[in-house]
Amino acid sequence: MKRLKIKEVLAGGQVGQQVLVKGWVRTKRGSKNVNFIALNDGSTIHNLQIVADVEKFGEELLKEINTSTSLAITGELVESQGSGQAVELNASDIIIYGKADPEKYPIQPKKHSLEFLRENAHLRFRTATFSAVFRIRHAMAFAIHKYFNDKGFYYLHTPIITASDAEGAGQMFRVSTLPAVNPPSTEEGDVDFAQDFFGRPTNLTVSGQLEGELGATALGEIYTFGPTFRAENSNTTRHLAEFWMIEPEMAFYELTDNMDLAEEFLKYLIEYALENCLDDLKFLSNRLQQEEKDKPADQRSMELIEKLQFVRDNDFVRCTYTEAIDILKNSKPYKKGKFQFPVEWGIDLQSEHERYLVEKHFQKPVILINYPKDIKAFYMKQNDDGKTVAAMDVLFPQIGEIIGGSQREENYDKLVARMEEMDIPAEEMWWYLDTRRFGTVPHAGFGLGFERFILFVTGMGNIRDVIAFPRTPKNAEF
RNA sequence: UCCCUAGUAGCUCAGUUGGUUAGAGCGGCGGACUGUUAAUCCGUAGGUCGUAGGUUCAAGUCCUACCUGGGGAGCCA
């Protein structure tokens, strides 16, 4: 008999049909005559209720079935006598693949803290919460490829190992095959990277953008989607040492086109989640509502699905940096001295400022544009005012900056001048500058932090809970 | 990296101004139960109180250092 996924059984199974299912036990309940096994195979948040007659299978066999025991079950699909489900499987044959000793198996049929499950990240997929999160994560990855493919973008694989460290996006992880103890040294006493694998210092990438621009200025529209690495000692709910980033880069796009794309893209993904992941979203939403009950009324946030619909259905606010500074200066917290950091044209906005703009003032996603050039990267297009660059940051409630992007400086002379001002060695970037020397065009792009976006869609609070195997300072377990 | 906070049973926690034998719920185990919904009822086992020092007649409780977790900040996606 062909095995069916539980999702298929629940969606299309017919009463009276003989079916074979395989999965892991979530819970088992029982009385003298009959046992109920909630079986899950990962295909859906929902379990299939297995009814096992005690007399038929014997207490010996049923005793071996505990939480997380793996089973194959054949039986007849019947209308459920209980009220919790429409159909259930009347077992005629049970095969145990692997037992799970209930005294040693750490995931109990009860509510666990996310911290505890994080320490058991190898088994947390077996919980309803994490299976929901990772199904949604998959769906979003798939939707990203679908969105760009349908729009004629090409998926470009930029390198993981890179020799360029010019962008200054953060501390990098060195990639080396030199011995850690007594590496070969030069006459000056420095490590002699000429003897290293690549013959020069190399690192894990912090961004595929610069290589992405090479692709975009020939293929037209490209995107990257891959792992990115930052060796910053960041210990927050929003940072990882290894995370995934989506970086589209488009020839002939100016800043407004870039904003339009970012907004359409995010809304497409949210719509995709609402269309394809509703069961998982409902589960996560209920979970959140349970937690919200304990909070005072004014601290409760919008229900998850409502929040997603709200973002999908409303225009993002577009606001210049200069306007944002004015808004902040006229704000209540500013006038009452509630901000910890000063507000002045030229400063980088602190998260307290961003949160005020997004959560209090506008109360919807905000795209901030035209930042002072001194707080942004060298490659951003210099505006005519001589003070600002064509940068854009998309800010989301709770999460903060979810997208950072810009129109790029396409003028060779301006770009080189800016690199000199910022002490970026132009000779090492010769390959990047060639895009401006030969057939340069206006172009733009942005980077979306994948995990930050998944935080938003799932409503989870800690970025370590939306990536399968989080890499953070002092933690590379599993 | 900085600030705050926590570490007691498998999990979530309580443990009074330092004072006898460290408790509960859940989970586990044993039993009961005519179909349960993270079942219910009865019973039962389970602890080097994060680690190392120190103060004291006496430390889970006070002090110091370190380790680990959580929250916030910075950096950023």
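Below, each value reflects all heavy atoms present in this structure, side chains not excepted, and no hydrogens, waters or symmetry copies. Lettering follows sequence order; numbering is per chain, from 1.
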**OP:** Specify the separation, in whole Å, of atom CD of A/E401 and atom P of B/G74.
**Re:** 12 Å
Original post:
Does any donor atom in the side chain of A/Y379 or A/E213 lie under 3.5 Å from an acceptor atom in the other side chain?
Top reply: no
Subject >> Shortest non-hydrogen separation from A/W244 to A/E451 and the atoms involved >> reply: N-OE1, 3.0 Å
Original post:
Any chance the rings of A/F148 and A/F265 have centres within less than 6.0 Å?
Top reply: yes
Original post:
Of the candidate nucleotides B/U68, B/C76, B/U12, which contains the atom at the shortest distance from the side chain of A/K474?
Top reply: B/U68
**OP:** Could you tell me whether the side chain of A/S234 has a donor or acceptor atom within less than 3.5 Å of a complementary atom in the base of B/C75?
**Re:** yes
Subject >> Rounded distance in Å between the P positions of B/U1 and B/C66 >> reply: 12 Å
Original post:
What's the CZ-P distance between A/R118 and B/U68, to the nearest Å?
Top reply: 16 Å
Subject >> P-based separation of B/C13 from B/A65 [nearest Å] >> reply: 26 Å
Original post:
Looking only at side-chain N and O atoms, does A/R464 come under 4.0 Å of OP1 or OP2 in B/G70?
Top reply: yes
Original post:
Between B/G7 atom C1' and A/E115 atom CD, what is the distance in whole Å?
Top reply: 13 Å
Original post:
Side chains of A/E247 and A/S207: is there a donor and an acceptor less than 3.5 Å apart?
Top reply: yes
Original post:
B/G71 P sits how many Å from A/E291 CD, rounded?
Top reply: 12 Å
Original post:
Between A/H138 (side chain) and A/R135 (backbone), is there a donor-acceptor pair under 3.5 Å?
Top reply: no
Original post:
Taking atom P in both B/U5 and B/A9, what distance in whole Å separates the two?
Top reply: 23 Å
Subject >> Euclidean distance, A/D465 CG relative to A/T129 OG1, rounded to 0.5 Å >> reply: 9.5 Å
Original post:
When every nucleotide of nucleotides 26-39 of chain B is labelled 5' to 3' by its protein contacts under 4.0 Å (heavy atoms), B for base, S for sugar-phosphate only, - for none, what sequence of letters results?
Top reply: BSSSS--BSBBBBB
Subject >> Side-chain N,O (A/N235) to OP1/OP2 (B/C75) below 4.0 Å >> reply: no
**OP:** Report which part of the nucleic acid A/L448 touches: base, sugar-phosphate, or nothing (heavy-atom distance under 4.0 Å, all strands).
**Re:** nothing
Original post:
Given atom CG of A/L240 and atom C1' of B/C76, what is their separation to the nearest angstrom?
Top reply: 12 Å
Original post:
Roughly how many Å is it from CG in A/L123 to C1' in B/G10, rounded to a whole number?
Top reply: 14 Å
Original post:
Is there a donor-acceptor contact under 3.5 Å from the side chain of A/N90 to the main chain of A/G75?
Top reply: no
Original post:
Rounding to the closest angstrom, what is the interatomic distance between B/G60 and B/U56 at atom C1'?
Top reply: 16 Å
Original post:
Which ranges of RNA chain B pair up as stems, where a stem means three or more consecutive Watson-Crick or G-U pairs with both distances under 3.5 Å?
Top reply: B:1-7 with B:67-73, B:10-13 with B:23-26, B:28-32 with B:40-44, B:50-54 with B:62-66
Original post:
Is the distance from OP1 or OP2 of B/G74 to the nearest side-chain N or O of A/S351 less than 4.0 Å?
Top reply: yes
Original post:
In whole angstrom, what separates A/L114's CG from B/U12's P?
Top reply: 11 Å
Original post:
Under 4.0 Å: is that the gap between some side-chain N or O of A/R238 and OP1 or OP2 of B/C75?
Top reply: no
Original post:
Looking at A/I246, A/L156, A/T158, which one forms a side-chain contact (heavy atoms from CB on, under 4.5 Å) with A/F225?
Top reply: A/I246
**OP:** Give A/K104 one of three labels, base, sugar-phosphate or nothing, depending on what nucleic acid heavy atoms sit under 4.0 Å from its own.
**Re:** nothing
Original post:
Between B/G70, B/C75, B/A73, which nucleotide gets closest to the side-chain atoms of A/F341?
Top reply: B/A73
Subject >> Separation of atom CZ in A/R355 from atom P in B/G71, rounded to whole Å >> reply: 13 Å
**OP:** Assign A/R26 to base, sugar-phosphate, or nothing according to its heavy-atom contacts below 4.0 angstrom with the strands shown.
**Re:** nothing
Original post:
Only one of A/D348, A/T320, A/D393, A/N383 clears side-chain hydrogen bond (donor to acceptor under 3.5 Å, both in side chains) with A/Y371; which?
Top reply: A/D393
Original post:
In terms of the nearest nucleotide of RNA chain B, which residue is placed more toward the 5' end: A/T236 or A/W244?
Top reply: A/T236
**OP:** For nucleotides B/C67 and B/U51, find the distance between their P atoms and express it as a whole number of Å.
**Re:** 16 Å
Original post:
Heavy atoms under 4.0 Å, any strand shown: does A/N35 hit a base, just sugar-phosphate, or nothing?
Top reply: nothing
Original post:
When rounded to the nearest Å, what value does the distance between C1' atoms of B/C26 and B/A38 take?
Top reply: 10 Å
Original post:
So, A/R408 and A/S406: side-chain donor and acceptor under 3.5 Å apart, yes or no?
Top reply: yes
Original post:
Taking atom types as modelled, is there a side-chain donor on A/K146 or A/Y272 under 3.5 Å from an acceptor on the other?
Top reply: no
**OP:** Determine the interatomic distance between P on B/A39 and the same-named atom on B/C29; round to the nearest Å.
**Re:** 13 Å
Subject >> Distance between C1' atoms of B/U44 and B/G54 (Å, rounded) >> reply: 41 Å
Original post:
If you look at every heavy atom in A/I45 and A/N40, which pair is closest and at what distance?
Top reply: O-ND2, 3.7 Å
